[in-house]
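Structure, as structure tokens:
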Amino acid sequence: MAARRSAATRAGSAPSTSPTASRSTSGFLDRLVEAGLAYPAFETGEELGEMRAAAQARKETYRYRQREDYDREGAHAEMRRRDASGEPYVLRFRMPDTPVHVTDAVLGEIEFDQQHTDDFVIRKADGFPTYHMAVVIDDELMGVTHILRGQEHLNNTPRHVALQQHLTHEDGTPFRTPVYAHMPLIFNPDGSKMSKRDKDKIVRKAVQSEPEAQARSLAHISQTDLDAWLADKTRQLPPASLLRLAAEFGLELPEIDVEDFRRSGYLPEALCNYLALLGWNPGLKNDDGTDLERFDKPFLCEHFALERIGKSNAKFDREKLLAFNQAAIAALPAEDFAAALHEWCERYDTGLLDALGERFVLAASAAQPRIKTLSQCREPIAFALAAAEEIRFDDKAVAKALHKGEPNGLAVLAEFRESLASIEPFDPEQIEAAVKAFCESREIGMGKLAQPLRVAITGGNVSPGLGETLGLVGRDGVLARIDRCLRDCVPA
RNA sequence: GGCCCCGUCGUCUAGUCAGGUCUAGGACACCAGGUUUUCAUCCUGGUAACACGGGUUCGAAUCCCGUCGGGGUCACCA
């Protein structure tokens with residue numbers, strides 16, 4: 001997600017993420033070499049390292065440049081010799097000696113002095129084109145018209161533009177330069193760049209800090225893979241392995257990938273809305289004068305425009321995302337919410353489905369207004385998932401709801417118990433009605449009955465609506481819990 | 001360090017291009033009240049920002065310069 005590269009194509013074909021132009025680049029390369037815009041270079045990695053170190057020692061920034069006395073004839077002869085013998089060498093692009101101008105839809109006009117970008121490699125010793133070469137050719141061949149990517153790529157753009165200005169097709173047609181739009185980066189709350197590697201980073205650190213553990217229970221990962229992953233911080237473990245390792249070490253991983261947010265119970269519309277607002281806004285007001293920031297995908301499609309993308313980096317605010325998600329959950333029609341929750345459970349918590357059985361829809365309606373993410377769905381109905389004997393009565397709640405006041409909570413409970421039998425059917429609506437009727441007939445406030453009931457059913461003084469609370473437990477369950485409460489919660 | 005980008009409440013931002021209507025608006029979070037059978041929701045109110053210094057101007061959050069701060073990037077990786 002941190003690397004938001006996407007591309008719009010003229011032909012409507014799929015954007016490329018891993019350029020596959022390797023086989024078809026040779027013609028482009030040849031024309032560049034013939035024109036002297038690319039040239040073979042024979043330094044070894046070691047030699048380059050030394051040159052770099054030497055520049056460093058002189059406190060200069062190292063840049064590879066074609067030598068003043070570059071012997072083209074000799075170099076080409078050497079190139080042909082190596083081609084014949086199979087010895088490796090690289091091809092470099094000669095950066096033009098005029099500044100490169102980049103027009104960015106977000107940042108505006110930017111001038112890059114060619115002095116600061118070197119003659120970069122476009123074909124590696126292994127014969128494959130580098131990323132820079134491959135994307136430019138790939139995008140051109142696919143008819144890409146817009147390139148939206150993270151600002152981290154801004155410094156690559158002069159290379160790409162320079163390449164576009166010098167590359168030609170077989171028939172001599174020049175390359176086009178697509179519209180570039182560099183988007184602000186997304187940061188973690190601590191200010192570090194939000195990265196797909198963040199999760200690996202956390203787990204790697206934990207594994208490294210506990211050497212004994214490395215040999216312990218990591219059987220699901222081969223030693224070779226583990227060592228490689230431990231040694232290379234750009235390497236990522238498969239998601240399943242990572243999740244398992246995190247669990248073994250008791251680590252909480254941040255949500256990074258879309259799948260992470262799905263697992264955590266965020267609704268697609270909420271994530272999409274929040275993300276769209278990070279670095280962009282429609283610039284419109286609601287009727288009450290507040291900024292318009294809650295919107296759906298059709299709205300986004302209609303109003304999104306490159307011009308209103310911000311330039312500065314943004315921190316990813318989970319609190320606000322949570323608020324958006326809570327609102328999105330609350331806004332769903334009950335049936336839709338139940339369906340969404342059911343789907344989530346099928347994927348991540350089938351145990352809850354089994355435990356709830358036919359009570360699922362009722363549980364969903366009880367949870368809907370009280371949760372911020374689908375993954376919190378067990379919390380508000382936890383009492384209904386426990387057996388009557390497992391309910392632990394909270395001392396404070398018991399004292400407040402059952403022992404204090406007049407009439408005494410226990411007495412009200414005992415009395416209400418007798419009217420349970422007549423509630424028919426035993427559903428939220430009838431339960432609520434019965435509770436109301438009971439209170440009116442005794443001329444007591446709703447709280448006088450509601451709170452003792454809550455304590456009896458859940459052990460505490462917080463629960464969903466009474467109808468839902470009692471309904472979830474069922475008539476027999478309610479009777480059992482009231483009896484247990486009446487027996488166990490008498491004042492000392 | 002070189003180069004590039006950025007700098008409005010704690011966070012995301014409106015306002016900046018076309019200087020006055022900005023004693024700087026909204027959202028999230030936070031605090032205080034209120035509604036409600038608890039919780040959640042909902043309603044009302046509140047705390048809180050133009051990084052700093054010069055300049056231009058009758059007037060600057062808005063234009064210019066400098067400083068400071070943050071970030072990105074400097075590979076035969078993508």
Side-chain angles (χ1 to χ4, degrees), chain A residues 3 5 17-19 41 43-45 48-49 52 56 59-64 88-92 102 104 106-108 110-113 115-118 120-132 134-135 150-158 182 184-185 187 189 191-193 234 274 277-286 288-294 307 310-324 326-327 330 366-372 380 397 401 432 435-436 439 445-451 453-455 458 460-466 469:
Chain A
R5 181 175 193 275
T17 45
S18 56
E43 291 84 357
T44 64
L48 289 173
R52 224 170 258 131
Q56 185 90 17
K59 296 198 169 182
E60 286 170 20
T61 306
Y62 173 75
R63 281 177 211 94
Y64 189 99
Y89 64 92
V90 303
L91 247 28
R92 284 177 183 270
V102 172
D104 188 279
V106 173
L107 301 171
I110 304 163
E111 178 179 300
F112 291 89
D113 196 315
Q115 280 182 29
H116 303 288
T117 71
D118 60 1
F120 57 101
V121 173
I122 53 178
R123 192 181 74 185
K124 298 180 280 182
D126 63 8
F128 281 91
T130 55
Y131 162 75
H132 299 302
V135 264
Q151 254 174 42
E152 61 210 357
H153 284 282
L154 187 58
N155 290 300
N156 289 152
T157 311
H182 287 93
L185 265 21
F187 287 94
S192 62
K193 186 173 73 161
T234 66
Y274 175 74
L277 233 28
L278 210 53
W280 178 84
N281 76 79
L284 300 172
K285 300 279 185 193
N286 292 306
D288 64 1
T290 56
D291 292 351
L292 198 164
E293 51 177 29
R294 311 283 180 124
E307 294 72 56
K311 300 179 183 184
S312 46
N313 296 155
K315 282 182 187 164
F316 195 91
D317 182 357
R318 271 152 216 284
E319 290 296 334
K320 188 156 178 170
L321 205 215
L322 238 20
F324 272 48
Q326 181 172 31
Q368 183 174 8
R370 286 166 247 275
I371 57 176
K372 296 186 176 183
E432 290 281 356
V435 168
K436 208 166 194 174
C439 292
M446 291 280 273
K448 286 287 182 195
L449 172 58
Q451 290 314 89
L453 267 177
R454 286 204 159 82
V455 174
T458 72
N461 49 19
V462 173
S463 87
L466 277 187
T469 301

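What you are looking at is a predicted structure, and each value in this text was computed from that prediction instead of being measured. To find a chain, count down the sequence lines: A is the first, B the second, and so on, and within it residues start at 1.
- Side chain of A:F187, nearest nucleotide from B:C76, B:G71, B:C4: B:G71.
- Distance from the side chain of A:L154 is smallest for B:C5 among the nucleotides B:G72, B:C5, B:G2.
- Relative to the side chain of A:K315, the nucleotides B:U37, B:C5, B:U11 differ in distance, and B:U11 lies closest.
- Between the side chains of A:R123 and A:Y89, at least one donor N or O sits under 3.5 Å from an acceptor N or O.
- For A:L107 and A:W280, each mapped to the nucleotide of RNA chain B holding its nearest heavy atom, the one lying further toward the 5' end belongs to A:L107.
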Next on the checklist: For nucleotides 25-34 of chain B, give me one character per nucleotide, 5' to 3': B if any protein heavy atom sits under 4.0 Å from the base, S if the only such contacts are to the sugar-phosphate, - if neither.
Outcome noted: BBBSS-----
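- Heavy atoms of A:G465 sit under 4.0 angstrom from at least one base atom.
- B:C76 is unpaired under the criterion used here, namely a Watson-Crick or G-U wobble arrangement in which both key atom distances are under 3.5 Å.
- Where A:F112 and A:E43 each meet RNA chain B at their nearest nucleotide, the meeting point lying more 5' is that of A:F112.
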Pairwise N/O distances under 3.5 Å, protein to nucleotides 60-67 of chain B:
none

Checklist entry - Please walk me through it: do A:E293 and A:K320 pass salt bridge (Lys or Arg N to Asp or Glu O under 4.0 Å)? => result CA-CA 12 Å; A:E293 51 177 29; A:K320 188 156 178 170; 3.4 Å; yes
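- Rounding to the nearest 0.5 Å gives a distance of 11.5 Å between OG1 of A:T61 and CD of A:Q115.
- Nucleic acid contact for A:K59: none, since no nucleic acid atom lies under 4.0 Å from a heavy atom of the residue.
- Scanning atom types as modelled, no donor and acceptor separated by under 3.5 angstrom connect the side chain of A:R370 and the base of B:U41.
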